Amino acid sequence: MKFFLDTANLDQIKEANDLGILNGVTTNPSLMAKEGIVGRQNVLDHYIKICKIGEDHTDGFDVSAEVISTDFKGMVKEGEELAELHEDIVVKIPMIKDGVKAMKYFTDRGIRTNCTLIFSPGQALLAAKAGAAYVSPFIGRLDDIMIDGIDLIKQIVKIYDNYLFDTEILAASIRNPLHIVKCAEEGVDVVTCPLPSILGLLNHPLTDIGLAKFLEDHKKANGKK
Ligand code: G3P
């Protein structure tokens with residue numbers, strides 16, 4: 001199972017990368033705006049900075065960079081520019097009609113894509129047919145409207161298993177550590193998470209209590225107060 005960080009914040013990406021458990025990064029226009037990255041050249045430069053953080057990875061470090069255009073020609077132009085930036089770039093394309101066409105175009109030319117804004121199994125099926133490298137179901141946003149996001153994950157896992165699609169399931173819109181564990185139970189290929197959700201996996205009160213006791217017993221046994 002791969003862990004991606006869902007942010008454009010360089011400090012957080014470095015922190016997660018230093019942990020040694022990071023396999024990549026996903027961004028979107030909202031996350032870039034949140035970091036104050038505006039203007040085409042600044043956006044492109046920022047993607048290169050993110051890719052450079054992962055350059056020591058021998059097993060790849062995928063960085064999803066999203067197009068802004070919503071028409072086929074525009075997506076192709078932008079996607080080709082993004083793919084030229086660095087070999088780790090995966091072009092992120094929204095699940096719309098021209099997006100499906102653009103994904104097929106990129107697939108035929110060896111450019112990897114991540115199909116974003118997936119909210120139904122039918123959309124995930126189309127993305128796989130178009131040859132997307134990754135499909136991104138947004139589980140948190142489904143939970144927000146009282147639809148269980150994990151049910152969507154289960155449906156996509158089943159469909160992809162039925163036909164042995166190569167498209168990797170990249171669970172997105174992760175909001176907490178439990179989402180990560182639930183996705184792992186369903187066998188997703190990747191989770192993309194905010195840093196607090198990943199760090200939340202560390203926590204258990206019995207670990208804290210147990211460690212305090214070990215250290216206390218060690219002190220006692222070694223004659224320290
Ligand atoms: O990767 C998609 C993600 O950024 C959306 O997350 O929390 O805005 O629904 P959220």
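Please read all numbers here as calculations on a predicted model, not as lab measurements. In listed order, ligands and their atoms are each counted from 1.
Among protein heavy atoms, atom 4 (O) of ligand 1 sits closest to Asp6 OD2, 2.6 Å. Of the protein's heavy atoms, Arg141 NH2, 3.6 Å lies nearest to atom 5 (C) of ligand 1. The nearest heavy-atom contact from the protein to atom 2 (C) of ligand 1 is Phe138 CZ, 3.3 Å.
No donor-acceptor pair closer than 3.5 Å links the side chain of Asp6 to the backbone N or O of Ser173.
Of the N and O atoms on the side chains of His57 and Asn17, at least one donor lies less than 3.5 Å from an acceptor on the other residue. Using modelled atom types and a 3.5 Å distance limit, the side chains of Asp143 and His179 yield a donor-acceptor pair.
Using a 4.0 Å cut-off to heavy atoms of Ala172, the atoms of ligand 1 that qualify are 1 (O), 2 (C). Every atom of ligand 1 with a heavy atom of Arg175 under 4.0 Å away is listed here by number and element: 7 (O), 9 (O), 10 (P).
Classification of Lys73 and Asp98 as a salt-bridged pair fails, no side-chain N sitting under 4.0 Å from a carboxylate O.
If you look at Phe61 and Phe4, their ring centroids are not closer than 6.0 Å.
Taking CG from Asn114 and CG from Asn28, the interatomic distance works out to 10.5 Å, rounded to the nearest 0.5 Å.
The part of Asn28 lying near ligand 1 is the side chain, judged by heavy-atom distances below 4.0 Å.
Geometrically, ligand 1 and Thr26 share no nitrogen or oxygen pair separated by less than 3.5 Å. Considering backbone and side-chain N/O atoms, Ser173 comes within less than 3.5 Å of an N/O atom of ligand 1.
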